[in-house]
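Written below as structure tokens is the structure these notes are about.
The chain is numbered in sequence order, starting from 1. Not measured: the values here are computed from a predicted model.
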Amino acid sequence: MAERKMMVPRLLKNILKHLRSVGEAIFFFGDILSLIFRGRVRWNDVLNQMYEQGVQSIVIVMLTSMATGTVLGLQGFITLQRFGAKEFIARLVALSLLRELSPVFTALIFSGKAGAGMTAELGTMNTQDQIQATRAMGVNPIEYLVVPRFLACFLVLPVLVIISEILGILGGYLIAMSQAHLPGAFYVHETLEAVGYVDFFSGFIKVLFFSTIIGWICCYQGFFTQGGATGVGRFTTKAVAYSYIAVIISDAVLTKIILTFWG
């Protein structure tokens, strides 16, 4: 009976704790945007972070994209061949990659590699009091440490998605050539015919949301890491998990909005 009485206060305490975290995250995001709009951006640091985040993610993005395009082309060929419509492989691969697969897969890979790296770096700095040291020197730690990482994330992820789309289409092209025995020129023509501005920009809009979400969540979790080395690992895991959940949920919402207005 006593345990049941204690459950309600514990539940309320956890709810208040999560609400407080949400409020902190919103104000944290507001501080980031305020610094960016006021032009307080260290562009040399942004470029360095873009290089680091791109290097962390580019190889696995390339391999995953090529494999995705190859598997999509192979499965599409087997399915469409049953209906005598193997000529539509190019359209299937291109539209699937541009509208959905490349933005989502690349965002998930990026959050697991570069996002985790951002969180671990900021978390280590916080547990070693380096963030407090920047404050003591009169430097805004969000401007110095967070804004470059956030902007780099916002700028790098769209580039990685474009690379992913190109390599995915190349994977489908190889399957169409080797398995479906379609002429290469025909495949390229069908791809260009299938892809419209709406198809490209619908995926690109998603990427901008994904990059904002990943940068926000990962920087926030790293900036407020507690608990020493163990805490760094725990908060890094939380950052990746929350990023995955946010990307998947936002993808469902954005897909519904885009299909409603653009089709």
Side-chain angles (χ1 to χ4, degrees), residues 10 12-58 107 110-160 208-247:
R10 287 177 185 172
L12 291 175
K13 184 178 179 181
N14 288 331
I15 292 174
L16 290 174
K17 181 180 178 182
H18 287 298
L19 289 175
R20 191 181 303 114
S21 297
V22 171
E24 286 179 350
I26 293 172
F27 281 109
F28 181 75
F29 186 58
D31 290 339
I32 295 173
L33 294 182
S34 175
L35 290 167
I36 293 172
F37 289 138
R38 283 187 287 158
R40 296 176 62 178
V41 178
R42 301 169 182 263
W43 288 108
N44 286 334
D45 294 337
V46 173
L47 292 175
N48 290 334
Q49 286 297 320
M50 288 177 66
Y51 175 77
E52 290 185 11
Q53 293 179 22
V55 167
Q56 285 179 359
S57 308
I58 185 66
F110 185 83
S111 63
K113 291 288 291 181
M118 283 191 292
T119 306
E121 287 176 1
L122 291 172
T124 302
M125 292 177 188
N126 194 26
T127 56
Q128 294 180 354
D129 294 327
Q130 294 179 28
I131 292 178
Q132 291 291 350
T134 59
R135 287 196 181 96
M137 292 186 296
V139 177
N140 187 339
I142 296 179
E143 175 187 347
Y144 183 65
L145 299 173
V146 175
V147 170
R149 287 171 171 81
F150 178 86
L151 272 180
C153 177
F154 185 79
L155 297 173
V156 165
L157 188 55
V159 177
L160 292 175
L208 297 180
F209 276 91
F210 295 163
S211 58
T212 302
I213 289 168
I214 293 169
W216 176 22
I217 291 175
C218 292
C219 288
Y220 171 76
Q221 293 293 333
F223 196 80
F224 292 97
T225 295
Q226 298 174 348
T230 304
V232 172
R234 187 173 69 254
F235 276 76
T236 300
T237 303
K238 285 170 59 178
V240 175
Y242 290 165
S243 297
Y244 277 22
I245 294 170
V247 166

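- The side chain to side chain contact (heavy atoms under 4.5 Å, CB included) check on Asp31 picks up Ile142, with sequence neighbours excluded.
- Pairing each heavy atom of Phe235 with each of Gln221, the nearest pair is CD2-OE1, 3.3 Å.
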Side chain to side chain contact (heavy atoms under 4.5 Å, CB included) between Thr225 and Leu122, worked out: CA-CA 8 Å; Thr225 295; Leu122 291 172; over 6 Å; no
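- Note that CZ of Arg40 is 13.5 Å distant from CD1 of Ile32, once rounded to the nearest 0.5 Å.
- Within the model, atoms CD1 of Ile58 and OH of Tyr51 stand 12.0 Å from one another, a figure rounded to the nearest 0.5 Å.
- Contact of the Leu47 side chain with the Met50 side chain is registered, since non-hydrogen atoms from C-beta on lie closer than 4.5 Å.
- Side-chain contact of Arg38 with Ser34: a donor-acceptor pair under 3.5 Å is present, judged by distance alone.
- A donor-acceptor pair is defined here as one N or O able to donate and one able to accept, closer than 3.5 Å; such a pair exists between the side chain of Gln53 and the backbone of Cys153.
- Residues Ser211 and Phe110 form no side-chain contact, since every pair of their non-hydrogen atoms from C-beta on lies 4.5 Å or further apart.
- Judged purely by atom type and a 3.5 angstrom limit, Ser57 has no side-chain atom pairing as donor or acceptor with the backbone of Gly54.
- Contact detail for Pro158 and Leu208: the closest heavy-atom pair is CG-CD2, 4.1 Å.
- Nearest heavy atom pair, residue Cys219 against residue Val146, reads CB-CG1, 3.8 Å.
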Set out, in order, the CA-CA distance, both residues' side-chain angles and the distance that settles side chain to side chain contact (heavy atoms under 4.5 Å, CB included) for Gln130 and Thr134, then state yes or no. CA-CA 6 Å; Gln130 294 179 28; Thr134 59; 5.8 Å; no
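- Side-chain contact between Leu151 and Trp43 is present, with at least one heavy-atom pair separated by less than 4.5 Å.
- The six-membered or imidazole ring of Phe224 lies near that of Phe28, with a centre-to-centre distance under 6.0 Å.
- Using a 4.5 Å heavy-atom cutoff, the side chains of Val41 and Leu35 are not in contact.
- Between Arg149 and Leu145 the shortest heavy-atom distance is NH1-O, 2.8 Å.
- Residues Ile131 and Pro141 share a closest heavy-atom pair of CG2-CB, 3.8 Å.
- Within a 6.0 Å sphere centred on CZ of Phe209, heavy atoms belonging to other residues, nucleotides or ligands number 12 at most.
- Put simply, CG on Leu160 and CD on Gln56 are 11.0 Å apart, with the number rounded to the nearest 0.5 Å.
- In this structure the side chain of Asn126 never reaches within 4.5 angstrom of the side chain of Phe223, judged on heavy atoms.
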Less than 3.5 Å apart, which donor and acceptor atoms pair up between the side chains of residues 239-246 and the rest of the protein, not counting sequence neighbours?
unit_1	atom_1	unit_2	atom_2	d
Ser243	OG	Ala239	O	2.7
Tyr244	OH	Leu108	O	3.3

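- With rounding to the nearest 0.5 angstrom, the CG atom of Leu33 is 9.5 Å from the CH2 atom of Trp216.
- Taking all atoms of both residues into account, the shortest heavy-atom contact from Gly215 to Phe150 is C-CD1, 3.7 Å.
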